[in-house]
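Keep in mind that the numbers below use all heavy atoms, side chains included, and drop hydrogens, waters and symmetry copies. No experiment lies behind these values; they were computed from the predicted model shown. The chains referred to below are lettered A, B, ... by the order of the sequence lines, with proteins before strands, and numbering in each begins at 1.
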Amino acid sequence: MPSPARSLPRSIAEVDSSDLSGLPTQGGRHAHHPMQRHAVHLHQLLHLHPFPSLFQTQLAHGQILKSGLAAEACTATKILSLYANHCRFPEATALLLSLPDQDSSSFSSLISSLSRSPFPSLVLSLLPRMLALSLHLDPLVLPSTLKVCASLGSESTGRKLHAIAITSDLAADTFIQSSLLHFYLKCKAKTDARKVFDRMPHPSVVAYSAILADTAARGDVCGTKNMLEQMQRSGIEPNTITWNGLIAGFSRSGHPHEAASMLQRMHLAGCVLDKIGVSSALPAVGDEEDARAGLQIHGYSIKCGFEEDECVSSALIDMYGKCRITEEMIKVFDEMRHRDIGTCNALVAGLARNGLVGEALMRFKRFQKESVELNVVSWTSIVACCAQNGRDMEALELFREMQEIGVRPNSVTIPCLLPACANIAALVQGKSAHGFTIRAGMSADVYVGSALIDMYGKCGKIKDARKMFDRMPSRNIVSWNAMLGGYAMHGRAKEAMEMFSMMEKRRQQPDSISFTCMLSCFSQAGLTDEGRRFFHKMKTEHGIAARMEHYACMVSLLSRAGKLDEAYQFVKGMPFDPDSCVWGALLSACRVHGNVKLGEIAAENLFQLEPLNAGNYVLLSNIYAAKGMWEGVDRVRKEMKRLGVRKNPGCSWIEIENKIHMLVAGDKSHAEMEKIVQRLEKIGVEMKRLGFLPSSWFALQDVEEQDKEQMLCGHSEKLAVGLGLISTRRGSPLRVTKNLRICGDCHAAMKFISRFEEREILVRDTNRFHLFRDGECSCGDFW
DNA sequence: GTAGGGTTAG
């Protein structure tokens, strides 16, 4: 016998007949003819030995290949089943397909094993051959085969199996019916699923469970309840699986109250919640309000000893993350003895959701160090985490790193990454991600498409955004809103309105976000009456109640058009307390229009709501400075000092030759800083000479001399333009993105630079795009 | 031989 340590042949062809010398022979008898000898060996090996090892199986396989004994169906079938016993499914499949004579029982038995193996997809390589040979598939194997088709989404094969079931008179079998039902539900062939169900004379509890879980998951509350009633009327009681399916379905479709009610009914029916029920029910706990229910379920899980189940724990982690109970979330994770990748991912996502980027990145790096096999979900989570928390450059870097180590981004990764490109207008990287989606065959994905529209829009490429939109094979409300948002940012009211009419024509219902985009667009474009009309239309024609962001847009719309008092009246008439966005819109308009009185009211409210936001103090201070009210400036500055509020540094990005450069106001660390400053100073001299004196109207006035000089050319957007000027070809356009609103001083300087240097400059600030061309700005100074 | 669970997306 070969020792187990002996290395296995690398391939069947490598097995030599001399390898058989070590095998036991029967009573020392040796056959003389080589063919006979092989046959004896094979006989001994396969039929007399009780449990041939994998090595022996491979030897036998090698023998029949060499000696032409392959025609012996019985031997081949035996080898086939031995391979299956040793979980060598790919070899078994290849062997069966290579046999000249194939019989239906070998196919059926191998398909049956494969469907339960880690290689269910191999079933799909056997089925076409079997169907082509018109071989009969064992009816007992049909349900598991359909299950494979369902899980792999192989719709056409499943449909063929349905036809076979009908022609072989098997369509009345309850198992086959339930399997067909499940198959059509999985393939989202709703009508066919319903047909199968309706044709069942007596649906079983399994069939009811499948259809109930699906109806609940589609959010059809009424349909689910009716079906449940019908089931009970026909004398079939739901079991644990039925209840769990209902709970999971309602949780997923965003009906937490229905899920809770099912949980209650389950309890009343005497069914005990198992760990699958726990992990199905937890996702229904969506926010702080439901946290009590979540805590109860956690207590119950501890009592039952469910917390060691990875699914239960990751559902708990997710629940605590959504309820913003982060300490408990981390505790659940840290107290687990065995963590799987799902739990690690849930933790990273939970930290990300709560803005704990540093902790998320630290944990992620620790997982890498501990050789946790991070998958595409883990990487997507950490990329999303950075992109959602302003760490855009790190998101891009992580995206690069994941590909470098061979983790392939999927159609979720891309919509997570693209906002990072959009935030810092990293057009080259965004385009490269676009290229990736085309190569990966994701072009039809509606989430990917919508994220690309958003990215192109925010990178200043509104025409490319529209091209993307027009090419999408299917669109949803997100796609439409991305396009509307793009037009809003570019102040293109005409196009936005055309888009809106197109939505109405194509019966795409606008949602609350669509109206936010429209109102913001009208605000950018200064179309007060249109804005008022849409605000009204939203409620009367679409039944959408105005939310905080709609009020903020209206305040901005009115106040930027100079109707400050009307804006203030509007705020006072709001049905709920205005938030910082609403007061913030009023305060920035007060700065533009120099209204001290209203500015003080808005600022006072903002200081209450967000005492540590430096931007509000700076705005108020600027309003005072513009009027020469130095004691006001001083008061604000002292208040900032008292509270320890520091100015949020201005930060701009510019992309030069595939590389994003970040410039921070007052930070001189960029390698080219000396040249940048020289260039800007030269421009400053020219501006002075030609009478375009930089107004220091918008800068904090009462500052030390050194700061004043820094302010003159230290603003980050100016530094970025300076860098662009010294490092790109003459005449080529510059695109700059800023984390704050562009200041008046810079606005004037950009106009000058665009003419003096003959450059098109596109600056995106928090609000909108400003296209500077030949001394003018697209916003018509309405910034 | 058929039905139920956790993690990434505006």
For A:Arg339, answer base if it contacts any base atom (sugar-phosphate contacts may also be present), sugar-phosphate if it contacts only those atoms, and nothing otherwise; contact means non-hydrogen atoms under 4.0 Å.
nothing
Hey, does A:Val312 reach any base, or is it just sugar-phosphate, or nothing, if we go heavy atoms under 4.0 Å?
base
Applying salt bridge (charged side-chain N to carboxylate O under 4.0 Å, His left out), can you list everything that pairs with A:Asp214, at least two apart in sequence or on another chain?
A:Arg218
Could you tell me how far apart A:Glu373 (CD) and B:dT7 (C1') are, to the nearest whole angstrom?
16 Å
Give A:Asn481 one of three labels, base, sugar-phosphate or nothing, depending on what nucleic acid heavy atoms sit under 4.0 Å from its own.
base
May I ask whether A:Tyr447 stacks on the base of B:dA9, given the cut-offs of 5.5 Å between ring centres and 30° between planes?
no
Whole-Å distance, A:His182 NE2 to B:dG1 C1', equals 14 Å
Under 4.0 Å between a side-chain N/O of A:Arg353 and OP1 or OP2 of B:dT7, yes or no?
no
Distance in angstrom units between A:Asp340 CG and B:dG5 C1', rounded
12 Å
Answer with base, sugar-phosphate or nothing: what part of the nucleic acid does A:Ser112 contact at a heavy-atom distance below 4.0 Å?
nothing
With a 4.0 Å cut-off on heavy atoms, is A:Asp511 in touch with a base, just the backbone sugar-phosphate, or nothing at all?
base
My understanding is that only one of A:Leu374, A:Val377, A:Val357, A:Leu361 makes a side chain to side chain contact (heavy atoms under 4.5 Å, CB included) with A:Ile382; could you say which?
A:Leu361
To the nearest Å, give me how far apart CD1 (A:Ile382) and C1' (B:dA9) are.
16 Å
Grab the NE2-P distance between A:His338 and B:dG6 for me, whole Å please.
22 Å
Apply the salt bridge (charged side-chain N to carboxylate O under 4.0 Å, His left out) test between A:Asp309 and each candidate in A:Arg337, A:Lys275, A:Arg339; give the one that qualifies.
A:Lys275
Which part of the nucleic acid, if any, lies within reach of A:Ser450 when heavy atoms closer than 4.0 Å are counted: base, sugar-phosphate only, or nothing?
nothing
Under 4.0 Å, counting only non-hydrogen atoms across every strand here, what does A:Val141 touch: a base, just sugar-phosphate, or nothing?
nothing
At under 4.0 Å between heavy atoms, what does A:Asn239 touch on the DNA or RNA strands: base, sugar-phosphate, or nothing?
base
Need one value for A:Leu212: base, sugar-phosphate or nothing, where a base atom within 4.0 Å counts as base even if backbone is also close, heavy atoms only.
nothing
Indicate whether the side chain of A:Asn481 and that of A:Ser514 have a donor and an acceptor atom separated by less than 3.5 Å.
yes
side-chain N/O A:Gln388 vs B:dT8 OP1/OP2, d < 4.0 Å:
no
Near A:Arg400 CZ, under 6.0 Å, is it more than 12 heavy atoms from other residues, nucleotides or ligands?
yes
Consider only side-chain N and O atoms of A:Ser261 and A:Arg265, and report whether a donor and an acceptor are under 3.5 Å apart.
no
Which part of the nucleic acid does A:Lys147 contact within heavy-atom distance under 4.0 Å: base, sugar-phosphate only, or nothing?
sugar-phosphate
By the 4.0 Å heavy-atom rule, please label A:Ala248 as base, sugar-phosphate, or nothing.
sugar-phosphate
When we call it a touch if two heavy atoms are under 4.0 Å apart, what does A:Ser179 touch: a base, just sugar-phosphate, or nothing?
sugar-phosphate
Within the 4.0 Å heavy-atom criterion, would you say A:Ala213 contacts the bases, only the backbone, or no part of the nucleic acid?
nothing
With a 4.0 Å cut-off on heavy atoms, is A:Asp309 in touch with a base, just the backbone sugar-phosphate, or nothing at all?
base
For B:dG1, does the base pair up with any side-chain atom of A:Ser144 as donor and acceptor (N or O, under 3.5 Å, distance only)?
no
